[in-house]
Amino acid sequence: MLQEAIITKIREDGLAEVVVERIGICGGDCSGCTECKYEHLMKSVVQNPIGAGRGQHVMIETPTSGVVKGAFAIYVLPIVTLIAGYLIAAAFSLSEGACIAAAFGSAALGILTAVLISKKRHAADPTPTKIVSVICDE
């Protein structure tokens, strides 16, 4: 996934701090919307393998597979475990209350699993996003 960003700071550890303009569901026309009026800028820390400098307008790349896996872990896994918990409890002919409790318990397990997956991925590569090219100097 490619995005445009502006470098705001070069850190001593070789990373760069950038500002990215988020384009939301509305398509980025913030003049006609009050929902994200003040939250459209996102700060991020990225790898700087090309040695770009402060103030430069750059293109950053986030691995698409990481975004998809993260979204799956956070959004889909808890829902799947919630449904599976309910169905397993129902298969044992438990009461409706017990099925609901099993569903929420397994959803909590899914959320815990998602958090552990996220932490493991972050430990393996804390800064997967990197600068790939300079668009222009500011």
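As a basis for the values below, the full set of heavy atoms in this structure was taken, side chains included, without hydrogen atoms, waters or symmetry mates. All figures in this text were calculated on a predicted structure; none of them were measured in a lab.
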Next on the checklist: Just to verify, what does S44 make a side-chain contact (heavy atoms from CB on, under 4.5 Å) with, not counting sequence neighbours?
Outcome noted: V18, V46

Next on the checklist: For the NZ atom of K69 and the CD1 atom of I74, what is their distance to the nearest 0.5 Å?
Outcome noted: 14.0 Å

Checklist entry - Looking at I10 and A52, what are the two nearest heavy atoms and their distance? => result CD1-O, 3.3 Å

Item to check | Partner set under side-chain contact (heavy atoms from CB on, under 4.5 Å) for P49, not counting sequence neighbours | outcome: Q47, K130

Next on the checklist: If hydrophobic clusters are built from ILVMFWY residues whose side chains come within less than 4.5 Å, do L15 and I60 share one?
Outcome noted: no

Checklist entry - Which heavy-atom pair separates Q3 from V20 by the least distance, and what is that distance? => result NE2-CG1, 3.6 Å

Next on the checklist: Holding to side-chain hydrogen bond (donor to acceptor under 3.5 Å, both in side chains), I want the full list of residues that pass it with E61, two or more places apart in sequence or in another chain.
Outcome noted: none

Next on the checklist: Applying side-chain contact (heavy atoms from CB on, under 4.5 Å), can you list everything that pairs with V68, at least two apart in sequence or on another chain?
Outcome noted: T64

Checklist entry - So do the side chains of T8 and K43 get within less than 4.5 Å of each other, counting heavy atoms only? => result no

Item to check | Pairing residues for S118 by the side-chain hydrogen bond (donor to acceptor under 3.5 Å, both in side chains) criterion, not counting sequence neighbours | outcome: none

Item to check | Side chain T129, main chain T62, donor-acceptor under 3.5 Å | outcome: no

Next on the checklist: Checking E96 now: which residues fulfil side-chain hydrogen bond (donor to acceptor under 3.5 Å, both in side chains) with it, not counting sequence neighbours?
Outcome noted: Y86

Checklist entry - Taking all atoms of both residues into account, what is the closest heavy-atom pair of I135 and E4, and its distance? => result CD1-CG, 3.7 Å

Checklist entry - With a 4.5 Å heavy-atom cut-off, do V45 and R11 have their side chains touching? => result yes

Item to check | Pair N48-V58, side chain to side chain contact (heavy atoms under 4.5 Å, CB included): steps then yes or no | outcome: CA-CA 10 Å; N48 188 8; V58 295; over 6 Å; no

Item to check | For the student: nearest non-hydrogen atoms of A98 and A89, plus distance | outcome: O-CB, 4.4 Å

Which side-chain N or O atoms in residues 101-117 pair as donor and acceptor under 3.5 Å with protein atoms at least two apart or in another chain?
from : atom 1 : to   : atom 2 : distance (Å)
S106 : OG     : T81  : O      : 2.6
S106 : OG     : A102 : O      : 3.0
S106 : OG     : A103 : O      : 2.9
T113 : OG1    : L109 : O      : 2.8

Item to check | same_hphob_cluster(V80, F72) at 4.5 Å side-chain heavy-atom cutoff | outcome: yes

Checklist entry - Between V132 and I50, what is the shortest heavy-atom contact and its length? => result C-CD1, 4.2 Å

Checklist entry - Which other residues end up in the same hydrophobic cluster as I88, if Ile, Leu, Val, Met, Phe, Trp and Tyr are linked when side-chain heavy atoms come under 4.5 Å apart? => result F92, L94

Next on the checklist: Rounded at 0.5 Å granularity, tell me how far NE2 in H57 sits from OG in S133.
Outcome noted: 9.5 Å

